[in-house]
Amino acid sequence: MLQETNVKAIDKVVVRFAGDSGDGMQLAGNLFSNISAEIGDEISTFPDYPAEIRAPQGSLSGVSGYQVSVGRGVHTPGDEADVLVAMNPAALKTNLRYLKRDGIVICDVDSFTPANLKKAEYKTDDPVKELGIDPRRILLVPMTTLLKNTLADSGLDQKAMMKSKNMLALGIICWLFGRPVENVLRKLKTKFAKKPAVYEANAKVLHAGWDYGHNTHSSLPVYRIDTAASKPGIYTDVTGNTATAWGLILASEKSGRPLFLGSYPITPATDILHELAKRKDLGVKALQMEDEIAGICSAIGASYAGHLAVTSTSGPGLALKSEALGLAVMAELPLVAVDVQRGGPSTGLPTKTEQTDLMQALYGRNGESPLCVLAAVSPTDCFHMAFEAARIAMEYMTPVILLTDAYIANGSSAWRIPEPGDYPEIHPHVLPKDRLEAGWKPYDRDEDTLARFWAIPGTEGAMHRVGGLEKDNVTSVISTDGANHELMVKKRREKIARIADTVPEVVPMCNADADTILIGWGGTYGHLLTAATQLNEMGHPVAFWQFRYINPMPKNAIEVLSRYKRIIVAELNTGMFADYLQMHMPGKEILRINKIEGQPFLVKEIVDGVIKFMED
């Protein structure tokens, strides 16, 4: 038995699973994060996989990774891993740089074959020595041998056996961090409900991994993670794409308008389509269209017909949807366009993350074409901001672009399932009977919001036509009059500005009285918050704010930011939001920390960047 002195209590831990794309690292990491969320841990995950479809097995280019941080005070997947699980020499070689200097490696020693070492471009037959790994910090597990021994009587062939090797690694990790395998077994039973033989094999292998760790009597410590005190409720882990889909479903319920999604598959947004396609039981209509243009045009048609209409895409698809977005702006129809950003331009880096669609979302249409732009800050926040996007779209009769990104869309966090009263009713701007009786025209507006009224087809007396040509402000017939066009342009612009009346104001976090403020937007939230917290602990006073409402910005945003001596914007692009702020604050220098590598920030990169500015 391991002695009590070999148990370490920690606040949080970072584990990185790495192997071939077919090794099931995403599943193993997801199961570990899910069972951790269920017992009250905060979690943050980062799936990191190649764009190649099944690169050659054992090659450096085919390695897929999944990094997860669990524990207390978790806002990022971690800069470096405490534990690296490497399923082959290639995974070990490419992922060792993500491991802390004193981190632990768990590796399949059976994979150190001459063929695998050659494919991974090793120069010797001893990867541990060649890579300079301390032998005391690596657990070399004969995974393939253990797997075959465990399943010798299962009747499975070798190919079928090897599919469960990821569960052997997960079993060892469950032992290392005191996670009950029973919780994993429950999820596996659900996953393989129609394949009992597959479940039994995975269950045996999972137990074998846990037993191996328990019986090694190794010098590796066992970790006890002190779980955070959580608000009472039901918790699960949820990815950003799933949370987006669920937020839209709730908005449909709270508004009384049926949900329609017109979409075309595109990495990394496709899971929104997949999730909504499952929900016919909730009245969701999800159509996979023949291309991006058809996706948004079908949604515009559904919006005209009275649906909460949504289209989902990534950067290349948003570019194709730009003309139709202009049509929705001119017709003043409610529409939510979800853009899960990825590396560009063109098809760029399909599986990597960036924040490079901001200017496209703000200005990527012809003419004066204002619309609302929002950004979710975390996987769980995708739920809230999807709900907000739908609320704004239907209450202000406007298209709304919701920006997420590959990092938060594929990553997951622990999420408390909302109670029935946690979210308010949504009040779509549907044409009321008294307005109709008063001689309604399609571009009559609400005096407070400037939103036109939503006349649902089939409403008696509300037959009408809207479209892409400019309309007269009074009669709503087609008009090419210059003065009328300018008036309508200004009304559409002012309508978007008035959305700020219903969004939260800026309230700086961490150290509001500092003379430096760190600013971000969207999915960099966890890294920037962690960096700001560390900076204050190091004696560098810094305030912090993360923008979710970008157009319009909160009403007090410019006034609050103007108080600070230094404004530092950190974002995963060359400075798009910094440029946007600079437009609104011409007399203030906006300092910038930028990264465009297809990877999220490291907290250290932000900390070092802020300190450099503060010392200049």
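Every heavy atom of this structure was used, including side-chain atoms; hydrogens, water molecules and symmetry mates were not. Numbering starts at 1 and runs along the sequence shown.
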Measure the shortest side-chain to side-chain distance between Ile133 and Leu92 over non-hydrogen atoms and say whether it is less than 4.5 angstrom.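 The answer is yes, as the side chains (C-beta and beyond) meet within the 4.5 Å cut-off.
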Counting C-beta onward and ignoring hydrogens, is there a side-chain heavy-atom pair between Met143 and Met87 closer than 4.5 Å?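 Touching, per the 4.5 Å side-chain cut-off.
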All pairs passing salt bridge (charged side-chain N to carboxylate O under 4.0 Å, His left out) where [range] contributes a residue, at least two apart:
| range | result |
| --- | --- |
| residues 375-385 | Asp381-Arg548 |
| residues 187-208 | Glu38-Lys187 |
| residues 151-178 | Asp108-Lys165 |

About how many Å separate CG of Leu273 and CD of Gln288, when rounded to the nearest 0.5 Å?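 Atom-to-atom, Gln288:CD and Leu273:CG are 6.0 Å apart.
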Gln57 CD to Lys119 NZ distance, which is reported to the nearest 0.5 Å: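 Gln57 atom CD to Lys119 atom NZ measures 6.0 Å (nearest 0.5 Å).
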Who passes salt bridge (Lys or Arg N to Asp or Glu O under 4.0 Å) against Glu182, sequence neighbours left out?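 For Glu182, no residue satisfies salt bridge (Lys or Arg N to Asp or Glu O under 4.0 Å) once neighbours in sequence are set aside.
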Listed partners of Lys254 passing salt bridge (Lys or Arg N to Asp or Glu O under 4.0 Å), at least two apart: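 Applying salt bridge (Lys or Arg N to Asp or Glu O under 4.0 Å) to Lys254 gives Glu425.
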Mind checking what makes ring pair (Phe, Tyr, Trp, His ring centres under 6.0 Å) contact with Phe387, not counting sequence neighbours?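 Here the qualifying residues are Tyr423.
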Set of residues satisfying ring pair (Phe, Tyr, Trp, His ring centres under 6.0 Å) with respect to Tyr407, sequence neighbours excluded: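 Partners of Tyr407 under the ring pair (Phe, Tyr, Trp, His ring centres under 6.0 Å) test: Phe46, His527.
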Hey, mind stepping through Asp357 and Arg342 against salt bridge (charged side-chain N to carboxylate O under 4.0 Å, His left out) and telling me if it holds? CA-CA 8 Å; Asp357 292 348; Arg342 71 189 207 187; over 6 Å; no
Non-neighbouring partners of [X] that pass side-chain contact (heavy atoms from CB on, under 4.5 Å), sequence neighbours left out:
| X | value |
| --- | --- |
| Asp134 | Arg136, Arg137 |
| Thr239 | Asn241, Thr242, Ser412 |
| Ile596 | Glu354, Thr574 |
| Gln546 | Val377, Thr524, Tyr525, Leu528, Phe544 |

Might you point out which heavy atoms bring Phe177 and Phe32 nearest each other, and give the distance in Å?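 Scanning both residues, the minimum pair turns out to be CD1-CZ, 4.0 Å.
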Do you see a donor-acceptor pair shorter than 3.5 Å between the side chains of Asn166 and Asp23?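 Judged by distance alone, the side chains do not pair up.
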Looking only at the side chains, is there a donor atom on one of Ser312 and Ser263 sitting less than 3.5 Å from an acceptor on the other?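 Ser263 and Ser312 do have a side-chain donor-acceptor pair below 3.5 Å.
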So, does Gln26 use its side chain to make a donor-acceptor pair with the main chain of Gly65 at under 3.5 Å?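 Yes, because the side chain of Gln26 sits within donor-acceptor range (under 3.5 Å) of the backbone of Gly65.
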Check: Asp405 main-chain N/O paired with Gln355 side-chain donor or acceptor under 3.5 Å: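 A pair under 3.5 Å: no.
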Hey, are Lys148 and Asp110 close enough for a salt bridge, meaning a charged N less than 4.0 Å from a carboxylate O?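 So Lys148 does not pair with Asp110 through a salt bridge.
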side-chain contact (heavy atoms from CB on, under 4.5 Å) partner of Met385, chosen from Thr404, Leu402, Val338: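 Among Thr404, Leu402, Val338, the one that satisfies the side-chain contact (heavy atoms from CB on, under 4.5 Å) with Met385 is Leu402.
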Are more than 12 heavy atoms, taken from residues, nucleotides or ligands other than Tyr264, located less than 6.0 Å from that residue's OH atom?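 Result for OH/Tyr264: open.
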Tell me which pairs pass side-chain hydrogen bond (donor to acceptor under 3.5 Å, both in side chains) where either residue lies in residues 84-95, with sequence neighbours left out.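 Matches after skipping sequence neighbours: Arg16-Asn95, Asp20-Asn88.
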